[in-house]
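To start, the structure under review is shown below, and the notes come after it.
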Number of protein chains: 2
Amino acid sequence: MNEARGLRADAQRNYEQLLAVARVVIEEQGTQASLRDIARRAGVGLGTLYRHFPTRDALLEALLRQGFDRLAASAESLLASAAPKAALLAWVDELSRGTTVYHGLPASLLATLHDEASPLHLSCTAMRAAGERLLRRAQDAGDVRPDLDGVDLFELVAAVGWAAEQSPRSAERRERLLALITDGLAS
Amino acid sequence: MNEARGLRADAQRNYEQLLAVARVVIEEQGTQASLRDIARRAGVGLGTLYRHFPTRDALLEALLRQGFDRLAASAESLLASAAPKAALLAWVDELSRGTTVYHGLPASLLATLHDEASPLHLSCTAMRAAGERLLRRAQDAGDVRPDLDGVDLFELVAAVGWAAEQSPRSAERRERLLALITDGLAS
DNA sequence: ACCTGAACACCGTTCAAGT
DNA sequence: ACCTGAACACCGTTCAAGT
């Protein structure tokens with residue numbers, strides 16, 4: 001909540017209002033929501049949105065960072081508990097559910113992963129590294145094929161999330177496809 | 001090539017020119033290419049494009065139908081040859097490679113599969129049915145998990161194609177992810 | 001019959017003018 | 001220091017006017 005420190009009072013208010021409205025609009029319309037619409041509904045000029053968030057990615061970043069960090073923390077805590085395979089599967093399921101929060105999120109996830117210049121790249125790779133530790137533990141226990149790495153896992157989870165988005169029965173398809181994948185990665 | 005029968009000579013020429021140009025532009029820019037750009041480069045008014053192809057889907061349909069039908073025929077011929085598992089894998093690989101022709105094609109494939117009103121729906125489900133026959137043969141031989149169906153397979157192949165599109169090393173990632181999937185579907 | 005392109009309602013992005 | 005909204009260059013889509 002300190003992200004807006006040092007701003008003039010009106011700027012601070014605008015920043016927070018934009019973020020709150022963006023969350024709602026992007027929930028409704030997906031990551032491709034109209035920026036004009038967000039500014040309009042926030043009661044703010046379009047230039048003000050651009051001043052606070054110079055790119056669409058910067059806006060998404062502000063919305064997503066918390067979730068990324070939460071997933072990384074979750075991986076850490078799972079590392080200290082439960083059977084290796086069960087812990088990995090629980091985390092993968094959490095990650096997969098996380099990709100359903102906004103339409104278009106699986107695409108943002110992979111974009112962030114591949115783009116080192118993205119403001120979210122660090123947060124994203126930290127999460128991936130945390131997941132990779134869970135993965136290695138399961139591999140060492142002989143539960144998961146040993147050649148799988150964190151990028152494979154991320155891309156597969158994102159792919160499943162994306163495919164589910166395209167279906168009229170998203171939730172159902174996501175569970176089905178994820179189960180097919182995770183079953184198949186067992187060794 | 002009979003699709004344009006019964007048109008006035010100039011209309012016939014425009015139709016063919018639009019299709020040829022659309023193929024090039026969509027190869028360059030993906031399925032979301034600017035329709036204005038296509039019309040412009042075809043030397044034709046924008047209204048003429050809309051007259052021949054009332055929706056973007058109609059244009060894509062004309063570009064894709066041939067490939068769909070070829071894949072269906074390929075499935076038929078593989079059904080009469082080779083080991084069940086090898087035949088299925090060969091077809092899946094062909095399908096997967098097919099999704100790389102245009103950027104955005106995996107999305108169009110799933111849209112077509114799920115939208116019964118799409119002009120390509122029939123062609124798409126015919127292809128899926130042909131693939132499903134290959135799948136069942138491999139399942140009867142005990143080579144593939146028995147609960148998998150054609151929709152699962154389509155969605156997984158499209159998902160892999162999409163994830164590969166998001167990567168800077170598309171070809172490499174497509175092969176890797178497809179191998180992970182197909183390995184995992186063995187029984 | 002068919003073609004054309006202006007017109008309309010939207011975008012994202014920039015920036016001069018205001019406070 | 002920050003905000004505003006007009007301006008610009010694009011979209012997709014429609015349709016009156018032409019041939």
Side-chain angles (χ1 to χ4, degrees), chain A residues 2-22 24-26 28-63 102-104 107-108 111 115 117-119, chain B residues 2-22 24-26 28-63 102-104 107-108 111 115 117-119:
Chain A
N2 300 334
E3 302 149 300
R5 275 276 166 78
L7 291 182
R8 224 167 60 179
D10 56 343
Q12 169 99 27
R13 235 182 309 116
N14 285 337
Y15 178 91
E16 280 160 12
Q17 178 66 7
L18 275 167
L19 215 50
V21 169
V24 171
V25 175
I26 291 177
E28 282 174 18
Q29 308 180 10
T31 56
Q32 293 308 309
S34 157
L35 299 180
R36 243 189 191 79
D37 202 27
I38 293 173
R40 199 157 34 211
R41 286 166 66 169
V44 141
L46 191 46
T48 303
L49 187 152
Y50 274 91
R51 161 167 275 262
H52 288 291
F53 307 102
T55 66
R56 173 176 242 111
D57 244 41
L59 181 55
L60 275 176
E61 181 222 356
L63 293 178
Y102 305 120
H103 196 274
S108 299
D115 175 17
S118 158
Chain B
N2 299 334
E3 301 149 297
R5 275 276 168 76
L7 292 181
R8 225 167 60 179
D10 57 343
Q12 170 98 28
R13 236 183 309 118
N14 285 338
Y15 179 90
E16 281 159 13
Q17 179 66 7
L18 275 167
L19 216 49
V21 169
V24 172
V25 175
I26 290 178
E28 282 174 18
Q29 310 180 10
T31 56
Q32 293 308 309
S34 157
L35 299 180
R36 242 190 194 80
D37 203 28
I38 293 173
R40 198 158 32 211
R41 287 166 66 169
V44 140
L46 191 47
T48 303
L49 187 152
Y50 273 91
R51 161 167 278 262
H52 288 292
F53 306 102
T55 66
R56 172 175 242 113
D57 245 40
L59 181 55
L60 275 175
E61 181 221 355
L63 292 178
Y102 305 120
H103 196 273
S108 299
D115 176 16
S118 158

Please answer whether the main-chain N or O of B/Thr31 pairs with a side-chain N or O of B/Arg56 as donor and acceptor at a distance below 3.5 Å.
yes

Counting any heavy atom closer than 4.0 Å, what does [X] reach on the DNA or RNA strands: base, sugar-phosphate only, or nothing?
X	answer
B/Leu35	sugar-phosphate
A/Ala33	sugar-phosphate
A/Arg51	base
B/Ser34	sugar-phosphate

Point-to-point distance, once rounded to the nearest 0.5 Å, from OG of B/Ser34 to CG of B/Leu46:
8.5 Å

When rounded to the nearest 0.5 Å, the distance separating OG1 of A/Thr55 from CG of A/Leu60 is 8.5 Å

C/dA1 versus D/dT14 - spacing of their P atoms, nearest Å:
22 Å

Taking a pair as Watson-Crick or G-U wobble with both distances under 3.5 Å, which nucleotide is matched to C/dC8?
D/dG12

Pair assignment for D/dC3, Watson-Crick or G-U wobble, requiring both distances under 3.5 Å
none

For chain B, the stretch of DNA chain D it reaches, first to last nucleotide, under 4.0 Å of its heavy atoms:
D/dC11 to D/dC15

Restricting to pairs with a member in residues 35-49 of chain A, which pass salt bridge (charged side-chain N to carboxylate O under 4.0 Å, His left out), not counting sequence neighbours?
A/Glu28-A/Arg41, A/Asp37-A/Arg40, A/Asp37-A/Arg41

Between A/Phe53 and A/Leu35, is a side chain to side chain contact (heavy atoms under 4.5 Å, CB included) present by the stated rule, with each step listed?
CA-CA 10 Å; A/Phe53 307 102; A/Leu35 299 180; over 6 Å; no

By nearest heavy atom, map B/Arg8 and B/Gly47 onto DNA chain C; which one lands nearer the 5' end?
B/Arg8

